[in-house]
Amino acid sequence: MKANCWMGRNTVEVQDVPDPGILNPRDAVVRITSSAICGSDLHLYDGFVPTMKKGDVLGHEFMGEVVEVGPGVTTLRVGDRVVVPFPISCGGCLACENGLFSVCENSNPNAGMAEKLLGHSPAGIFGYSHMLGGYPGGQAQYARVPFADVGPIVVDDDLPDEKVLFLSDILPTGWMGAEMCEIKPGDVIAVWGAGPVGQFAVASALLMGAERVICIDRFSYRLQIAARAGAETINYEQTDVLDALRDMTAGRGPDACIDAVGMEAHYPVPAVHAYDRAKQATRAETDRPYALREAILACRNGGVVSVIGVYAGLIDKFPMGSFMNRSLTLRTGQCHVQRYMEPLLARIREGALDPSFVITHHLDLEDAPRGYEMFKHKENECNKVVLHPW
Amino acid sequence: MSEAEHHNAHRWAGVLGWVSAGLGVLQVAAPDTVVRVIGAGDRPWARRVVRLIGLRELFHAAVLLGSRRPAPLVWTRVAGDAMDLALLGRLMAEREDGGRRRLAASTAAVTGITFADIVTAVRGGHEPGLPPHRLTNLRAAITVNRPRREVYRFWRDIENLPRFMIHLESVEPIAGGYSHWRAKGPAHKSVEWDAEIIEDQTEQLIAWRSVEGATVRNRGSVRFTDAPGGRGTEVRVDIDYDPPAGKVGLAFARLLGEHPQQQVCDDLRRFKQVMETGEVARSEGSPEGTRARRQLFQRPAQPVR
């Protein structure tokens with residue numbers, strides 16, 4: 001089959017690789033109909049996530065049709081149309097039982113490796129480094145899905161791929177980012193990052209009853225999409241964010257701040273950017289946490305900072321004084337996708353949500369390298385690329 | 001050796017560390033005084049040598065005071081004592097005048113210190129409760145989200161062990177609590193031994209040891225307790241074994257990434273997987289399941305076959 005493989009920093013290549021098969025009784029094999037490029041794939045592309053290997057198949061947002069099931073799978077049948085969540089979760093550990101699917105205790109066969117960097121291991125993730133399992137991803141024609149009786153959700157044929165594909169990751173991630181803010185009537189929410197996850201966080205916060213949502217980015221075309229989803233916008237290259245937020249909230253600060261940016265943030269002050277960039281280049285820190293720092297400083301006293309942007313390792317200059325002295329709450333997590341798939345599918349079905357508004361490009365799988373370049377450099381107003389493997 | 005004696009050895013090692021620190025500071029800061037006191041006053045090089053010895057003492061102090069279990073490190077002091085005694089002996093041989101009495105006193109003092117150092121180092125040299133040789137101890141623990149009865153039963157059925165201890169090829173029960181074990185050793189060598197269960201407390205503890213004449217001398221226990229708040233069962237494994245080819249074999253295995261401690265941790269992780277999910281998690285990057293060596297040399301995450 002064809003698959004998009006990580007070949008080193010800033011290089012992906014579509015290669016012929018073996019077809020996947022059943023390795024374990026609870027596996028299923030899915031013939032992929034749609035697969036997306038995620039912002040967090042760019043962290044892999046840029047070489048900031050440790051333990052990638054040349055030849056790793058990328059991709060963790062995919063859906064398709066079940067073509068084979070192991071003897072231990074009782075919930076799926078060949079022919080089912082499924083969306084596959086990106087965290088691989090067993091359903092039997094305490095974390096899964098408590099709905100914390102992205103910290104499943106059994107799905108990472110390389111847990112020992114993750115423990116060395118992270119203390120404890122999170123769940124395995126499709127196509128997201130060997131530290132998180134060494135599972136081939138879904139930017140391919142087929143994928144093996146472990147614990148297939150727990151994750152994938154069956155969708156009806158009348159819903160097109162582009163409406164349900166994002167149930168695999170970015171829609172529930174944006175939703176969880178807003179949910180962690182525990183929005184109450186009158187709340188003002190600020191969202192750093194107007195990429196697809198930020199755009200979904202905006203839409204979710206409004207659905208949950210936020211009074212106002214303010215979205216911060218530097219690309220006007222992304223801010224326009226966020227504005228269409230209902231956000232007020234700040235372009236941080238033109239406006240000082242802390243001043244603007246103080247002004248817009250009459251001095252209170254946003255009630256909750258969502259960091260939908262993560263480890264490769266940009267910052268308009270060249271000296272600060274140079275400092276973190278240099279530390280990152282020498283591996284003295286792995287992540288550039290500007291959005292996180294700013295979210296903490298901006299948040300109102302006693303507010304919530306909700307982190308859904310991906311961080312990989314260590315950061316420098318965390319504003320602990322502001323965080324502690326002002327009674328802030330930090331909530332984080334890779335999305336527990338499985339928890340949100342059913343309710344969000346129901347909202348899509350009843351027409352309350354149509355996640356397809358984030359898509360700007362459809363490409364053949366063969367064109368994945370061009371898709372990565374375009375998405376990374378924000379060429380052609382690229383917001384979200386969907387790949388079609390067949 | 002008793003636990004108390006062992007503990008005392010570490011305490012004494014700490015005291016000796018402070019002695020080193022004091023001596024070192026004195027010798028570096030006021031070498032002339034020291035030279036006079038020990039009776040080597042007229043040697044032109046004595047001052048420089050005393051300073052160097054002072055630096056060495058500060059090194060002893062650093063290693064002893066910097067370690068949580070300093071007793072074995074007292075051997076560095078013993079080596080230093082030998083040097084000092086050799087120097088003092090040479091000075092004695094060269095002298096006939098009144099300085100000799102001072103030198104004799106210094107030598108006696110250093111001899112006493114050497115004796116204290118050796119006693120401390122020997123006492124702290126090996127852990128209590130174990131014969132003083134090369135048994136390697138491994139411990140690991142994991143929490144399994146299943147009832148204690150179920151977890152105990154699965155383990156007690158020792159034919160199940162190779163399902164999660166991937167270095168084991170087979171375990172066959174023989175009558176009378178005995179069993180025959182076959183395992184993959186380092187460098188693809190197979191090792192076999194017989195073992196007996198020496199303690200079996202239902203749903204609480206299983207202890208075993210290899211029988212006389214085993215290639216891999218080992219003994220171990222696994223304990224099962226309820227995790228608090230209905231969180232399943234805590235499983236604690238404690239193994240002592242004599243690695244094939246001793247320390248050299250151990251170092252070699254470590255080099256190949258098959259660190260025994262990692263193996264035990266991974267075994268327990270697989271045990272949890274089997275108990276909670278019915279299978280051992282396998283990715284295409286490590287299709288045969290977790291293996292310490294695989295974590296170093298994984299193939300790309302692509303489908304196998």
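Here the structure is a predicted model, which means the values were calculated and not measured.
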side-chain contact (heavy atoms from CB on, under 4.5 Å) between A:Leu23 and B:Glu284, worked out: CA-CA 9 Å; A:Leu23 285 182; B:Glu284 285 78 349; 4.2 Å; yes

Can you name the nearest heavy-atom pair linking [X] to [Y], along with the distance?
{"X": "A:Met1", "Y": "B:Pro303", "result": "CE-CG, 3.6 Å"}
{"X": "B:Glu279", "Y": "A:Phe147", "result": "OE2-CE2, 3.5 Å"}
{"X": "B:Ala281", "Y": "A:Pro109", "result": "O-CB, 3.7 Å"}
{"X": "B:Pro300", "Y": "A:Gly55", "result": "CB-C, 3.8 Å"}

Measure the [atom1]-[atom2] distance between [X] and [Y] for me, rounded to the nearest 0.5 Å.
{"X": "B:Gln302", "Y": "A:Asp16", "atom1": "CD", "atom2": "CG", "result": "10.5 Å"}
{"X": "A:Ile125", "Y": "B:Ser283", "atom1": "CD1", "atom2": "OG", "result": "13.0 Å"}
{"X": "B:Gln298", "Y": "A:Asp56", "atom1": "CD", "atom2": "CG", "result": "9.0 Å"}
{"X": "B:Arg231", "Y": "A:Glu97", "atom1": "CZ", "atom2": "CD", "result": "12.0 Å"}

Atom CZ of B:Arg148 with >12 non-hydrogen neighbours under 6.0 angstrom: yes

Options A:Ser107, A:Gly137, A:Gly124, A:Pro25, ranked by heavy-atom pairs under 4.5 Å with chain B, top entry: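 Result: the option with the highest number of such pairs is A:Pro25.
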
Top contributor to chain B contacts, counting heavy-atom pairs under 4.5 Å, from A:Gly133, A:Pro20, A:Cys90: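 Maximum pair count with chain B is reached by A:Pro20.
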
Working for side-chain contact (heavy atoms from CB on, under 4.5 Å), residues A:Glu105 and B:Thr143: CA-CA 10 Å; A:Glu105 294 159 18; B:Thr143 304; over 6 Å; no

Identified side-chain contact (heavy atoms from CB on, under 4.5 Å) partner of B:Glu276 from the options A:Cys96, A:Cys104, A:Cys93: A:Cys93

Salt bridge (Lys or Arg N to Asp or Glu O under 4.0 Å) pairs, two or more places apart, involving residues 19-43 of chain A: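 Output for this query lists A:Arg26-A:Asp149, A:Asp27-A:Arg144.
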
A:Asn24 (side chain) donor-acceptor with B:Val280 (main chain) under 3.5 angstrom: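 Judged by distance alone, yes, a pair lies under 3.5 Å.
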
